[in-house]
Every structure is written in C-alpha cells, then in structure tokens.
Amino acid sequence: DIPSHLDDLPPTMLKKDYANLPVMNSVDDVVKRLLSLEMASQKEKMKVKIQQLVEKVRRSPNDNGSFEVQGKLKKGRVLIRTLEEHLQRHPKDIKNRRLLLLGLDRRRKMLGYLRRVNYSTFEHTCQQLELQYSPPQPYTRRVTKRWLVKKALCIKVFQEKRKLKAAQRLKQRREWQARARAAREQQE
C-alpha cells in the first residue's frame, strides 16, 4: 500500500546504501528487487522523495544552507501529502487530521516568511514544489450590540477630551499672544 505521491519513484531504483556498489551489476534480479525502493520501508521512500525535492529547489550543487533546502518546506510537503492520503482512507482519524492542520499552518508561516524576505525565491520554491500560497485572512471582529455600545462610548469620551484640550490650547494661545504683545510694546 504505497501512497500515490511516492509512486513516481522508480521501483528499480536501488536504496541509497546499495546504489554505488560495483557488485550490484552482477547480482541476480531477485536480489536487486529486494534491495530496490519497491521493497523499501515507508521511511526510506520518504527520504528519497525529500532528497528529490531538495534537488529541485537547490540554488547550486553545494547549496545546503538556504531556507528552502533546510528541510522545513520540503519535509512539510511530503508529510502533508502523506497525511492527506491517509485521511482519505481514514476520514475519522482525528489525531492525524490535527497533525495535517498543524503541518499546513507551519508551512503557511514559513512561506509567508520567505515571501516577506525574498519574493523571487518564494515564487521559485512554490513553482518547484507545486504549492499554491494564499495569504491569511485579515482579522475581522464579530459585531455585537455590546461592542457597538462600547465603541460609541469610547468615541464620545474621545470627542469630549478633544473639546477640553482645544479649550486649553485656545487659552494658552491667548496667553502667548498677550505676552508677545507686551514684549513688543516694551521694545517700542
């Protein structure tokens, strides 16, 4: 029972440990099949898939430190796809549904950060990983009667305070003008 996003791995591809051995050319087909990804565990398949995703988003062959390569986005994508497929088979699995939502939220935050910091890299990463980013919805407050009354009271208090300050400023301005007139009269 292999998840579909791991189906695009070639079944004849050998596991990482056995791929570069010179003995593998002379080994029987049955042994090759046993050592291939077809018979590998889910964990080994995930590692190979993640490595393939790294190759897609890498800036250069030696790039291991950039944000998109560090494992957060690529691992999130594989994990989210695996959980989506699991939830299609088992729709009542609440624990994995929660893990899926947490993973989606984490990925959205990381993509938001990448979008703010370097937009061209963000676009390239979304294109390579086949992701669609939608910014979070703006916060909207639910309008209740109590909130409307409180808002009206706050506005009324603000206007009264502004009237008091305006009266104080007018009084100060008149005092300054009187001092300025007195100073001019003394100079003349």
Side-chain angles (χ1 to χ4, degrees), residues 1-21 24 27-144:
D1 197 76
I2 301 170
S4 65
H5 74 278
L6 295 175
D7 285 345
D8 57 348
L9 294 173
T12 58
M13 187 172 164
L14 294 173
K15 294 180 190 175
K16 185 179 177 184
D17 301 334
Y18 307 109
N20 298 327
L21 292 176
M24 293 310 292
V27 175
D28 191 32
D29 288 341
V30 176
V31 175
K32 280 185 181 179
R33 187 167 180 226
L34 284 172
L35 299 176
S36 70
L37 286 176
E38 184 181 1
M39 299 294 192
S41 68
Q42 188 70 18
K43 191 175 183 179
E44 290 172 327
K45 290 177 187 175
M46 291 276 274
K47 281 184 183 178
V48 171
K49 188 65 179 173
I50 288 171
Q51 190 59 40
Q52 287 178 347
L53 289 173
V54 167
E55 296 302 323
K56 281 185 179 180
V57 296
R58 225 176 224 168
R59 297 177 191 169
S60 67
N62 298 328
D63 179 23
N64 291 323
S66 64
F67 182 79
E68 54 278 15
V69 173
Q70 284 180 359
K72 297 171 176 70
L73 290 173
K74 61 186 184 321
K75 186 175 181 187
R77 177 178 180 244
V78 174
L79 179 72
I80 288 168
R81 292 244 173 113
T82 306
L83 286 172
E84 283 175 346
E85 291 166 0
H86 174 78
L87 286 171
Q88 286 175 353
R89 289 190 307 263
H90 310 286
K92 293 185 178 182
D93 189 351
I94 296 170
K95 183 179 178 185
N96 281 321
R97 182 175 305 281
R98 182 176 176 275
L99 287 175
L100 173 68
L101 293 174
L102 288 172
L104 287 170
D105 192 40
R106 193 178 311 120
R107 182 176 73 184
R108 185 174 39 251
K109 286 178 184 178
M110 285 186 277
L111 283 172
Y113 169 76
L114 191 60
R115 185 174 185 227
R116 284 191 312 273
V117 173
N118 191 344
Y119 191 77
S120 61
T121 306
F122 162 76
E123 282 183 329
H124 176 71
T125 304
C126 285
Q127 182 183 15
Q128 291 298 319
L129 297 180
E130 301 167 8
L131 299 174
Q132 285 186 341
Y133 175 78
S134 57
Q137 296 294 321
Y139 174 75
T140 54
R141 185 186 182 104
R142 196 169 135 228
V143 178
T144 60

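Index from 1, following the sequence. Computation of the quantities below employed the complete heavy-atom set of this structure, encompassing side-chain atoms and omitting hydrogens, waters and symmetry-equivalent molecules.
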Can you list every salt bridge (charged side-chain N to carboxylate O under 4.0 Å, His left out) pair that touches residues 109-136, not counting sequence neighbours? R77-E130, D105-K109
Could you list all the ring-ring contact (aromatic ring centres under 6.0 Å, His included) pairs where at least one residue sits in residues 77-105, not counting sequence neighbours?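 Non-adjacent pairs meeting ring-ring contact (aromatic ring centres under 6.0 Å, His included): H86-H90.
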Restricting to side-chain hydrogen bond (donor to acceptor under 3.5 Å, both in side chains), what partner residues turn up for S120, sequence neighbours left out? N118
Can you tell me how far [atom2] of [Y] sits from [atom1] of [X], rounded to the nearest 0.5 angstrom?
{"X": "R98", "Y": "K95", "atom1": "CZ", "atom2": "NZ", "answer": "9.5 Å"}
{"X": "E84", "Y": "R97", "atom1": "CD", "atom2": "CZ", "answer": "11.0 Å"}
{"X": "L87", "Y": "D93", "atom1": "CG", "atom2": "CG", "answer": "6.0 Å"}

If the condition is side chain to side chain contact (heavy atoms under 4.5 Å, CB included), which residues does L99 pass it with, not counting sequence neighbours? L83, N96
Go through the structure and list residues passing side chain to side chain contact (heavy atoms under 4.5 Å, CB included) with V117, not counting sequence neighbours. Y113
Please give me the minimum heavy-atom distance between C126 and L111, naming the atom from each residue.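 Residues C126 and L111, closest heavy atoms: SG-CD2, 4.0 Å.
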